[in-house]
Amino acid sequence: MKANEKENKDFSNALDTIIELFNNLEDDEPLIEFGQDVIEDIERAKKMYGQNIINERINNVVREILSLLTLDEVNKKDSTDEESEEAEEEKE
């Protein structure tokens with residue numbers, strides 16, 4: 001049996017609703033919390049120069065800053081353990 005146009009539309013709407021519910025299950029926590037003034041400047045820069053160029057330049061700046069830090073001593077397992085500990089502390 002082939003679905004008619006109304007059934008296709010209903011299915012599409014239902015699928016959109018399920019995807020939206022799934023996306024809302026988990027809170028998105030930003031990697032970096034920019035100040036409102038920085039957010040506004042980034043938005044203006046994206047309009048003027050394009051999103052790809054601004055993303056590339058911000059990534060380059062952050063990469064350069066991170067290269068100045070001694071991050072070799074921290075491995076991924078340690079940071080995952082710290083995040084778990086912080087989450088447990090927040091629950092208490």
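The structure places CD1 of I19 at 12.0 Å from CG of N24, a figure rounded to the nearest 0.5 Å. Rounding to the nearest 0.5 angstrom, the gap separating the OH atom in Y49 from the CG atom in N55 is 15.0 Å. The CG atom of L21 sits 11.0 Å away from atom CG of D16, with the distance rounded to the nearest 0.5 Å.
Residues passing the side-chain contact (heavy atoms from CB on, under 4.5 Å) test with L25, sequence neighbours excluded: F22. With sequence neighbours excluded, no residue forms a salt bridge (Lys or Arg N to Asp or Glu O under 4.0 Å) with E56. Partners of N60 under the side chain to side chain donor-acceptor pair (under 3.5 Å) rule, at least two apart in sequence or in another chain, are R63. When the salt bridge (Lys or Arg N to Asp or Glu O under 4.0 Å) test is applied to K9, no partner is found at least two apart in sequence or on another chain. Residues meeting the side-chain contact (heavy atoms from CB on, under 4.5 Å) test with N4, sequence neighbours left out: K6, E7. Under the side-chain contact (heavy atoms from CB on, under 4.5 Å) criterion, Q36 pairs with I39, E40, not counting sequence neighbours. Every residue two or more places apart in sequence or in another chain that forms a side-chain contact (heavy atoms from CB on, under 4.5 Å) with L66 is listed here: V62, L69, L71. The salt bridge (Lys or Arg N to Asp or Glu O under 4.0 Å) search around R57 returns none, not counting sequence neighbours.
Distance alone, capped at 3.5 Å, is enough to place a donor-acceptor pair between the T17 side chain and the N13 backbone.
Annotation: salt bridge (charged side-chain N to carboxylate O under 4.0 Å, His left out) contacts involving residues 42-51, sequence neighbours excluded, comprise D41-R44, E43-K46.
Linking ILVMFWY residues whenever their side-chain heavy atoms come closer than 4.5 Å, directly or via other members, leaves M48 and V61 in distinct clusters.
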